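The shown structure was predicted, so the numbers you read here are calculated from the model rather than taken from an experiment.
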Amino acid sequence: MSASVDDIPEAGGQGRGGPASKRVVVGYGFWIFLLSDIIMFATLFASYAVLAGATAGGPRSQDLFRPGSVALETAFLLASSFVCGMATLAVERRNQRWTQAALLLTGLLGAGFLTLEIREFASLVERGAGPSRSAFLSAFFTLVGCHGLHVTAGLLWLGTMMAQFLAKGFRQNIRHRYLCFSLFWHTLDIIWVAIFNLVYLVGTTPYV
Amino acid sequence: MNRGEDRTPALGSVSPALEQRLQELWEGEGGLKGVLSTVDHKKIGLRYIVTAFVFLLLGGIEALIMRLQLAGPDLRLLGPEQYDQLFSTHGMTMIFLYAGPVLSGFSNYLWPLMLGTRDMAFPRVNALSYWIYLAAGIFVYVGFLGGNGPNDGWFNYVPYANRDYSPGMGEDFYALGMVLLGTSTTLGAANFIVTAMRTRAPGMSINRVPILLWGTLTANVANLLVVPAVSLAFFLLWMDRQFGTHFFDVRAGGQPLLWQHLFWIFGHPWVYAIVLPAMAFVSDGLPVFCRRPLVGYPLVALSTVATMILGFGVWVHHMFATGLPALGMSFFSAASIAIVVPSAVAVFSWLATIWHGRPVVTTAFMFFASTIILFVLGGVSGFMTASVPVDWQLTDTYFVVAHLHYVLIGINVFPVVGALYFWFPKMTGRLLDERLGRWNFWLMFIGFNVGFLPMHLTGLLGMPRRVYTYGPDMGWNTLNLVTSIGAFILAVGIVLLLVNVLKSRRGGAPAGANPWDAHTLEWSIPSPPPPYNFAVIPAVASRHPLWEGYLDEELRSSLDRGLLLDQAKESLGTSPLDALPDMILRMPEDTVAPFVLTIGLGVLFAGLIAKSWGLALVGGIVLTAALVVWLWPRRELREREAVRG
Ligand code: HEM
Ligand SMILES: [Cu+2]
């Protein structure tokens with residue numbers, strides 16, 4: 001017996017179902033890379049959990065966080081993620097106008113989120129509760145700030161995606177990239193939900 | 001004619017015309033541009049290996065200076081501060097800049113050849129990992145040579161590493177350098193994982209892969225899970241030092257123990273990450289010289305994975321001593337107890353392979369076989385420190401230094417040198433000189449044991465580690481002198497290796513495709529391999545495609561006839577477990593983007609260390625620009641042809 005290639009029926013069969021996609025491989029790799037990002041956040045969460053009570057006589061989370069403004073931030077980001085989903089549909093339909101509109105809205109909502117976050121940070125610093133006040137605040141600013149930096153990077157990426165669609169249309173490799181972007185954006189959303197719960201909700205629950 | 005990625009690839013046979021066509025498609029540019037823009041895994045792999053060896057030499061020189069200082073009592077070649085910087089930099093260099101990257105280098109070079117594919121899954125990311133690794137190495141060495149080396153040991157415990165106790169910039173260089181290196185390692189890990197899962201030649205199902213795939217894959221899954229933690233820890237440390245945060249600062253509620261946890265979550269699995277692929281060299285190389293397949297392949301593969309899984313659970317053992325007077329439990333001691341069972345599997349399988357084989361004693365064989373001996377010795381001393389009362393006696397003595405060098409030199413350096421003797425002919429087309437090889441081996445083996453065996457005794461006699469000198473009446477004089485002599489003999493051995501490499505690179509005996517009559521795919525193609533590796537994608541029918549004749553296998557692999565993929569720079573994607581053909585992968589052209597991106601990153605980090613925000617901003621802009629260029633869609637083949645007419 002020899003030449004087992006000829007015995008593998010699949011060897012030639014992949015052309016049938018339309019474009020075989022490298023998407024699976026690119027997406028696979030990016031997903032794995034995202035995993036490492038998630039682990040970094042997990043480490044930040046762990047550090048925050050360890051240090052959350054370490055206020056060094058300074059303000060506690062109950063004194064600082066304002067659930068109202070944070071709820072608005074959350075709404076922005078969730079909406080942004082939702083619109084990003086709409087954009088994915090538009091990309092699948094190859095609809096340039098809807099794609100651009102949806103991506104623009106995704107970006108605006110993201111920018112709104114960032115603005116609120118920066119205002120929150122500024123007001124904390126103003127009240128003397130900056131990152132060097134206590135270990136608790138160091139951990140808080142680093143965790144939430146790291147997420148904010150990710151959102152900023154995401155916005156830049158979003159801009160280049162819009163430019164690519166505009167300049168080159170809905171080519172396969174651009175769509176693969178877009179898939180990676182949307183994975184990234186939704187992941188940031190999930191991480192934010194964790195921050196919202198573990199930092200803000202837990203942090204503003206009065207002790208019983 | 002359909003030339004896109006959605007076509008059905010044709011079957012065909014190897015022919016000169018085909019090779020010519022592929023050569024044109026795959027050959028990179030020459031000159032400086034070619035050097036900076038290549039994405040060929042073979043070139044990148046060799047660069048990794050060469051760079052890692054340079055760091056081995058630097059770390060070795062540091063070690064020799066330390067051994068000169070310790071050769072006799074009360075010597076004053078170095079002051080205490082200099083000694084601190086030397087052992088910390090030596091440890092950091094060996095662990096981070098040599099031991100890990102050298103293995104990445106071999107796997108980078110060998111994987112696509114062993115797996116029957118044309119490159120790694122993400123060649124540009126691969127180039128990026130290398131450049132960032134190089135940048136990280138240069139970064140920390142700029143610090144060290146400018147008098148700003150780390151000086152708190154390679155695991156860099158706070159509070160020593162806090163600004164109060166280490167006011168210089170040494171810790172900042174170390175911390176930021178490790179963040180850079182972590183980026184490189186993480187990118188590399190993702191690349192290895194996807195390559196392992198998606199690019200193996202058709203038919204190379206998961207139970208037919210070389211052990212090196214298991215070793216490196218396991219190591220990189222571990223890296224992916226733990227390196228981000230330690231990068232973050234180093235980043236937090238840097239913020240503590242420079243921006244007044246308080247993660248590790250007790251006065252404002254910080255937790256020094258947090259550092260230890262974050263460090264050892266990483267540190268323990270890392271030990272395995274720097275020995276498992278090296279053990280895999282032995283598992284793949286030894287059988288070739290024993291003229292029979294590895295005994296117990298499935299057990300060895302499984303034990304590789306099992307070791308790593310065990311490795312995750314047990315980081316806290318490094319901190320047994322934290323409640324006790326001596327901070328800083330030994331690196332490797334109790335680690336060895338968890339590793340005992342799975343490593344015993346490997347040792348037994350190697351011994352059985354030798355026993356049931358007809359060994360051909362080459363230099364490579366001697367290095368592989370000596371790994372077994374050193375492994376057992378290192379294991380025994382590890383086992384001893386694993387019992388707690390003994391450990392209390394030995395923690396922070398030279399016993400630990402001896403043990404960790406048995407593990408690291410025995411299970412990393414020796415198999416790596418063996419691997420070099422084994423695969424050098426593939427890389428260069430020339431054999432290394434065997435006569436020089438014997439000298440090389442015996443000097444290294446004797447020098448190593450003369451140097452490090454007596455260290456166990458020095459430790460039992462109570463000599464603490466990390467001291468820059470000692471008094472004449474402690475009873476340590478002779479032992480230390482012997483150790484220093486051994487260290488120098490070992491060093492001469494390593495110099496002989498270099499001589500051999502330089503001499504044989506051009507003048508060695510021509511190797512031909514398969515000088516050892518070995519059995520895996522990389523030996524089925526010319527040495528050195530052409531840029532496209534395989535003219536046709538082979539189809540694999542067993543674990544040892546080139547030995548099927550000897551072993552009378554029923555199924556035969558097909559090496560000369562296979563999928564063609566000659567329409568563009570393409571390779572084949574296959575399914576994760578069974579490696580059934582799945583899709584055509586378009587491989588990227590050479591590009592300088594990874595290099596430019598690294599320059600941007602380097603400038604950014606230089607700005608951070610100098611606290612020059614303008615510089616950091618410039619770096620950030622260069623980095624972003626490189627990313628945009630990188631990600632900007634290249635023209636597709638069809639488009640290009642349309643343009644051409
Ligand atoms: C020529 C070969 C080598 C010699 C002579 C040597 C010698 C030494 C010496 C004298 C120390 C300092 C001991 C002390 O004062 O506590 C040391 C520490 C160390 N060495 Fe080596 N070494 C060699 C090779 C290696 C290699 C190949 C590795 C790793 C792959 C390695 C890893 C380490 C580590 C991790 C430490 C501990 C650093 C610390 O305490 O933070 N060494 N070595
Ligand atoms: Cu350990």
Visitor: With sequence neighbours left out, what residues match A:Asp63 under salt bridge (charged side-chain N to carboxylate O under 4.0 Å, His left out)?
Guide: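 In terms of salt bridge (charged side-chain N to carboxylate O under 4.0 Å, His left out), with neighbours along the sequence ignored, A:Asp63 is linked to A:Arg60.
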
Visitor: Can A:Phe33 and B:Val125 be said to form a side chain to side chain contact (heavy atoms under 4.5 Å, CB included), step by step?
Guide: CA-CA 11 Å; A:Phe33 188 71; B:Val125 174; over 6 Å; no

Visitor: Which pair of heavy atoms, one from B:Phe243 and one from A:Ser132, lies closest together, and at what distance?
Guide: O-CB, 4.2 Å

Visitor: What distance do B:Leu232 atom CG and A:Phe41 atom CZ have between them, rounded to the nearest 0.5 Å?
Guide: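 The CG atom of B:Leu232 sits 9.5 Å away from the CZ atom of A:Phe41.
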
Visitor: When rounded to the nearest 0.5 angstrom, what distance separates OG in A:Ser138 from CG in B:Asp240?
Guide: 6.5 Å

Visitor: Kindly give the heavy-atom pair with the smallest separation between B:His246 and A:Arg133, and that separation in Å.
Guide: CD2-C, 4.2 Å

Visitor: For the candidates B:Thr195, B:Ile193, B:Thr186, B:Leu225, which exhibits the highest count of non-hydrogen atom pairs separated by less than 4.5 Å from chain A?
Guide: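 Of B:Thr195, B:Ile193, B:Thr186, B:Leu225, B:Leu225 has the most heavy-atom pairs under 4.5 Å with chain A.
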
Visitor: Hey, are the side chains of B:Thr245 and A:Phe141 touching, using non-hydrogen atoms and a 4.5 Å cut-off?
Guide: no

Visitor: Give the member of A:Ser134, A:Ala135, A:Ala167, A:Ser47 that has the highest number of heavy-atom pairs under 4.5 Å with chain B.
Guide: A:Ala135

Visitor: Side chain, backbone, both or neither: which part of B:Phe235 has a non-hydrogen atom closer than 4.5 Å to chain A?
Guide: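 Contact with chain A: none, neither part.
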
Visitor: Indicate the atoms forming the closest heavy-atom contact of B:Leu224 with A:Ile39, along with that distance.
Guide: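 Heavy atoms of B:Leu224 and A:Ile39 come nearest at O-CD1, 3.8 Å.
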
Visitor: Starting at CD1 of A:Ile32, measure out to CG of B:Asn191 and round the result to the nearest 0.5 Å.
Guide: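 The CG atom of B:Asn191 is 10.0 Å from CD1 of A:Ile32, to the nearest 0.5 Å.
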
Visitor: Within a reach of under 6.0 Å around CZ of A:Arg119, are more than 12 heavy atoms found that belong to other residues, nucleotides or ligands?
Guide: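 Atom CZ in A:Arg119 is not packed in, count stays at 12 or less.
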
Visitor: Quick check on A:Met162: does its CE atom have over 12 non-hydrogen neighbours (other residues, nucleotides or ligands) under 6.0 Å away?
Guide: yes

Visitor: Starting from the C-alpha separation in whole Å, work towards a yes-or-no answer on side chain to side chain contact (heavy atoms under 4.5 Å, CB included) for B:Leu258 and A:Leu51.
Guide: CA-CA 9 Å; B:Leu258 184 62; A:Leu51 300 174; 4.1 Å; yes

Visitor: Give the member of B:Ala10, B:Gly244, B:Ala189 that has the highest number of heavy-atom pairs under 4.5 Å with chain A.
Guide: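 The candidate making the most pairs under 4.5 Å is B:Gly244.
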
Visitor: Quick check on B:Leu627 against chain A: is it the side chain, the backbone, both or neither that has a heavy atom closer than 4.5 Å?
Guide: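 No part of B:Leu627 comes within 4.5 Å of chain A.
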
Visitor: Are there more than 12 heavy atoms of other residues, nucleotides or ligands under 6.0 Å from atom CZ of A:Arg127?
Guide: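 Correct, the count exceeds 12.
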
Visitor: Calculate, to the nearest 0.5 Å, the distance between atoms OG and CG belonging to A:Ser36 and B:Asn223 respectively.
Guide: 11.0 Å

Visitor: Counting only heavy atoms not in B:Trp630, do more than 12 sit closer than 6.0 Å to its CH2 atom?
Guide: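 For B:Trp630, atom CH2 is crowded (more than 12 foreign heavy atoms under 6.0 Å).
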
Visitor: Count the heavy-atom pairs under 4.5 Å between each of A:Gly53, A:Ala56, A:Ala46 and chain B, then report the option with the highest count.
Guide: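 Option with the greatest count: A:Ala56.
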
Visitor: Against chain B, label A:Leu44 side chain, backbone, both or neither, depending on which of its atoms sit under 4.5 Å from a heavy atom there.
Guide: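 Both the backbone and the side chain of A:Leu44 come within 4.5 Å of chain B.
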
